[in-house]
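Reviewing the structure listed below.
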Amino acid sequence: MLYFIDGEGVQTVGDSGEFPVTAGDFVYVPRGTLHSTFNTGWRQLRVVAVYTPGGAEQAPRELRDFTALTPGVQPVWERAR
């Protein structure tokens with residue numbers, strides 16, 4: 001489940017095609033369904049992602065460039081080289 005709390009973007013779920021999302025929107029993603037979220041605005045797109053049953057949220061930790069931030073610490077963005 002995705003709940004958008006700030007910003008604006010586009011979302012896909014399965015073969016739905018892109019649809020706009022903004023603060024206050026809620027999107028259900030069925031288990032095992034491919035999905036994508038893209039920020040289309042100038043501000044950060046803030047999303048609360050809820051996984052049930054739990055466990056799938058650990059998958060990004062296996063990615064080479066994964067970084068965990070301390071709660072409340074803002075990320076420092078750098079341009080890719």
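Proximity of a side-chain donor or acceptor of Gln44 to a complementary backbone N or O of Asp6 within less than 3.5 Å is not detected.
Atom CZ of Phe19 is separated from atom CG of Asp25 by 8.5 Å, given to the nearest 0.5 angstrom. Atom-to-atom distance recorded for Asp15:CG and Leu34:CG is 10.0 Å, nearest 0.5 angstrom. Taking NE2 of His35 as the reference point, atom OG1 of Thr12 lies at 8.0 Å (rounded to 0.5 Å). Atom CD1 of Ile5 is separated from atom OG1 of Thr22 by 12.0 Å, given to the nearest 0.5 angstrom. The OG1 atom of Thr52 sits 9.0 Å away from the CZ atom of Arg31 when rounded to the nearest 0.5 Å. Gln58 contributes atom CD, which lies 8.0 Å from atom CZ of Phe66 (distance to the nearest 0.5 angstrom).
Residues Val27 and Tyr51 fall into different hydrophobic clusters, defined by Ile, Leu, Val, Met, Phe, Trp and Tyr side chains chained together at heavy-atom separations under 4.5 Å.
Side-chain contact between Pro30 and Val13 is present, with heavy atoms from C-beta onward closer than 4.5 Å. When side chains are defined from C-beta on, Val47 does not count as touching Tyr3, because their heavy atoms never get closer than 4.5 Å. In this structure, the side chains of Phe26 and Met1 come closer than 4.5 Å at one or more pairs of heavy atoms. Considering only heavy atoms from C-beta on, Val21 stays 4.5 Å or farther from Val10 through its side chain.
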Verdict with reasoning, Leu2 to Gln11, per side chain to side chain contact (heavy atoms under 4.5 Å, CB included): CA-CA 10 Å; Leu2 304 173; Gln11 180 71 46; 3.6 Å; yes
